[in-house]
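Structure first, then comments.
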Amino acid sequence: MTAKRKAAEESPLPHRSLGAPRMTKNPGRYVTQGGVTIDCEVSDLPDSRRSLDQLITRLDSERGCIFESSYEFPGRYARWTMGFVNPPLVIEASGRTFEILALNERGALLLPAVYEALQSSASLREVQIEAGTRILGEVRPVDAHFAEEERSRQNSIFSLIRSLRDFFHCEHEPMLGLYGAFGYDLTFQFEPVTLSQQRDGKQRDLVLYLPDELLVIDIHTKAAWRLLYEFTVQGRSSTNLPRVGSSISYIPKSADEVPARRDHRAGQFAEKVQMAKEEFKVGNLFEVVLSQTFIEPCPDNPSVVFSRLRLRNPSPYGFLINLGATEYLVGASPEMFVRVEKDNKGWRCETCPISGTIKRGRDALEDAENIRTILSDKKEESELTMCTDVDRNDKSRICRAGSVTVIGRRQIEMYSRVIHTVDHVEGYLRSGFDAMDAFLCHTWAVTVTGAPKAWAIQFVEDHEESPRNWYGGAVGMIGFDGGLNTGLTLRTVHVSGGVARVRAGATLLFDSEPSAEEAETELKASAMRDAVLRPDTPPTTSVIMRPPSSNANEHRVLLVDHQDSFVHTLANYLRQTGAQVTTLRAGFPTSEVKRLDPTLAVLSPGPGCPRDFNLSGTIELMMQNRVPIFGVCLGLQGIVEHFGGELGVLAYPQHGKPGQVSLTSEAGVIFDGMPKHFQVGRYHSLYSLKSKHPPELSITAETNDGIIMGIQHTSLPLAAVQFHPESILTRSDLGLQMLINAVSDLHY
């Protein structure tokens, strides 16, 4: 036993697991509530990476699951991996009918005892066992009248799940349970609606596996172990029975065999947003989540798609599930559905509603700006507020009075392509309610349906172009200890028959802009489609509009340092253009110009005023030697004074301040290929007075209040900017592009 796992076993279990798999408290022998004797053996995995890679690959052809949280958030998510192949039993349901199938001899051993246990359930009928390999049955109809507090206790396919959980129940076994996927249509067993869409007769609403072998990895501590379970029931043991199953290889379809690429034509989703707005106007709905499906050929194995998602889109609910019948779910969901676990206060039910989305920035600064934007957006705030109020209502049906609490409000979660605002809500279950009640009362989350929930679900059924199938449902596990950990089926690739389907939705309000909502669904789907279609490529470090020079001797930059605190960052940017850069402190011997033979002189920022550094003398020296000049901040001020202009003092100094710059009609070469408006970093008190500005210096950029931000000489290769292109407040690719233009395009 490794020291890491020994420490994990000996230390007291935390009250909250953050979703991570927990060590089996008492590995060895125990008896379940239904009388099944279980022997659990735990062993360390010395080469966990190899074992995990093998497991992922086997899921292309063998039934099973892998679940992974590769996203960490304090008090919410830990990082872990667990999975299995060739489970002994699978539970499948379509509507109110179900089948429990033995997938090998080990499953056939369990089936007679499971059949006997189900016979006593008052919620099931016509339960029969066939050939000792499968159990068939259906759920009885719902009672005509009942109190709303008892809705989650009415007959549904979850009555079957409850019976199985009770049969295998053992409060000291945190890992054994039912693992798999829950389809969207299960909500109709909790909240019936009028169905208007045509369903595929082969569509399954639930696929859950009972494993007998689990691979578990704690990503944080690097500890890894394998759990092996043996079952003894009715005097027979699974010991020595092989852990095997059928194998069906994945076969992709070609692009020619996939003519339709989405279930909405372009613009059709936006039209439906407008329909929803009419419902909002008259109060029929407060918000609704509509979705559309994108369809692509899936040339690579599902395991390859999963591996790409693990790398490109880390998430708290990553998964690869081989559902059988050449059907797979590959996902990287950002959103918890429901988690239930016991702590020192009782059975805690928690959710993390997500609503509010904005794209990731090009860098950390743009991320920060986008975060400010979304947090100040009242429409996005309203979306999340309504989602959380509905979520609190779902919990209040089954939780103790006063225990339903918002413990996190509009918190930021950042993913590969989007930024979300997230709330965190908890409540403690009342006596008489369990994890199944918590699951059912939240079906499905308001973040994938809307509010009022029943009317929103009906609107979705009436207006979407195709059934949701697995989208908007959940994946995860139902523990035999009474716990539950599930994530919403979002950011998911549904692979069936060699074709990949990616569904994405948008939360709509009366304030929604139709075309923007359609674009949001396309953005959300992009990472999944990318994982299907684009192989892994080496990462790039920056995005620039024009390539830098590959010849360091072609461009030689003399950077004149005016005792500035940012000069070496400016030099770093200049070197990224491909130029050879030499930095000399102002006052250097004039002979250095002849020796270095620069193709460009860059006049750095600095404190004070131009005459403190005899900038006019430096400019004259460069002009005599026919060296082009690019000035930054103080450099611009020196050029203005050299040509007879005058400087003023700002009423409010701009030191470390962002500023919006707009290009003029005479933008010049420095701003070639740049957007018309952009943000820059400002560090200056002096500026060129327009009334005294030299006529031979064209104004190429200015602020909204008319402060000159860029100049270029009308006939000489001299240009300058009054801001810092190297500042973090200036978008890095734009700052670099200005310097590429200066190095390449300023010449005699």
If I compare all heavy atoms of H684 with all of C633, which pair ends up nearest, and what's the gap?
CB-SG, 3.8 Å
Point-to-point distance, once rounded to the nearest 0.5 Å, from OG of S688 to CD1 of I707
9.5 Å
Where do S48 and I217 come nearest, in terms of heavy atoms and distance?
CB-CD1, 3.9 Å
Could you label the plane-to-plane angle of the H724 and F566 rings as parallel, tilted or perpendicular, counting under 30° as parallel and over 60° as perpendicular?
perpendicular
Ionic contact status for R262 with E518, cut-off 4.0 Å:
yes
Nearest heavy atoms of A571 and L559, plus distance in Å
CB-CD2, 3.7 Å
Under 3.5 Å, is there a donor-acceptor pair between the T703 and D705 side chains?
yes
Minimum side-chain heavy-atom gap D597-R556 below 4.5 Å
yes
Should the ring pair Y71 and Y77 be called parallel, tilted or perpendicular, given that the plane angle runs from 0 to 90° and is split at 30 and 60?
perpendicular
Distance, nearest 0.5 Å, that separates CD of Q637 from CD of Q722:
4.5 Å
Applying side-chain contact (heavy atoms from CB on, under 4.5 Å) between P725 and each of V632, L574, T569, V680, report the one that passes.
V632
Test side-chain contact (heavy atoms from CB on, under 4.5 Å) applied to L509 and S512, step by step
CA-CA 5 Å; L509 302 178; S512 291; 4.2 Å; yes
How about NZ on K594, more than 12 heavy atoms from neighbouring residues, nucleotides or ligands closer than 6.0 Å, or not?
no
Could you check whether T447 and E335, counting side-chain N and O atoms only, form a donor-acceptor pair closer than 3.5 Å?
yes
Looking only at side chains, do S315 and R491 share a donor and an acceptor under 3.5 Å apart?
no
Is there a donor-acceptor contact under 3.5 Å linking the side chains of T385 and R409?
yes
Is it true that atom NE2 of H568 has more than 12 heavy atoms of other residues, nucleotides or ligands lying nearer than 6.0 Å?
no
Quick check: closest heavy atoms across T507 and E383, and the distance to 0.1 Å?
O-OE2, 3.1 Å
Any side-chain heavy atom of S69 sitting closer than 4.5 Å to one from M82?
no
Checking V593 against F588 for the side-chain contact (heavy atoms from CB on, under 4.5 Å) test, could you report, in this order, the C-alpha distance in whole Å, the side-chain angles of both residues, the deciding distance, and whether it holds?
CA-CA 9 Å; V593 177; F588 58 85; 3.9 Å; yes
Determine the minimum heavy-atom distance between G681 and T730, stating which atoms define it.
N-OG1, 2.9 Å
Tell me whether the count of non-hydrogen atoms from other residues, nucleotides or ligands lying under 6.0 Å of OH in Y748 goes above 12.
yes
Quick check: do Q411 and F73 have side-chain heavy atoms less than 4.5 Å from each other?
yes
Take R76 and L18 through the side-chain contact (heavy atoms from CB on, under 4.5 Å) test and state the conclusion after the steps.
CA-CA 5 Å; R76 188 174 303 166; L18 308 184; 5.6 Å; no
Walk me through whether K359 and N370 qualify under side-chain contact (heavy atoms from CB on, under 4.5 Å).
CA-CA 8 Å; K359 68 178 181 179; N370 289 353; 4.3 Å; yes
Would you mind reporting whether T583 and S604 have side-chain heavy atoms less than 4.5 Å apart?
no
If the threshold is 4.0 Å, N to carboxylate O, is there a salt bridge linking K379 and D377?
no
Testing the basics here: between L45 and S51, what is the closest heavy-atom pair and its distance to 0.1 Å?
CD2-OG, 3.9 Å
NZ/NE/NH1/NH2 to OD/OE distance under 4.0 Å, R308 and D300
yes
From CA spacing to verdict: side chain to side chain donor-acceptor pair (under 3.5 Å), S662, Q660:
CA-CA 7 Å; S662 298; Q660 290 297 318; over 6 Å; no
State whether a side-chain donor-acceptor pair under 3.5 Å links N741 with Q737.
yes
Side chain to side chain, E592 and P589, heavy atoms closer than 4.5 Å:
yes
If you apply the rule salt bridge (Lys or Arg N to Asp or Glu O under 4.0 Å), what do you find for R417 with D530, and how did you get there?
CA-CA 11 Å; R417 300 196 179 197; D530 184 65; 3.3 Å; yes
Do the side-chain N and O atoms of T582 and Q580 include a donor-acceptor pair separated by under 3.5 angstrom?
no
Determine whether E520 and K524 make a side-chain contact, defined as any pair of heavy atoms from C-beta on separated by less than 4.5 Å.
yes
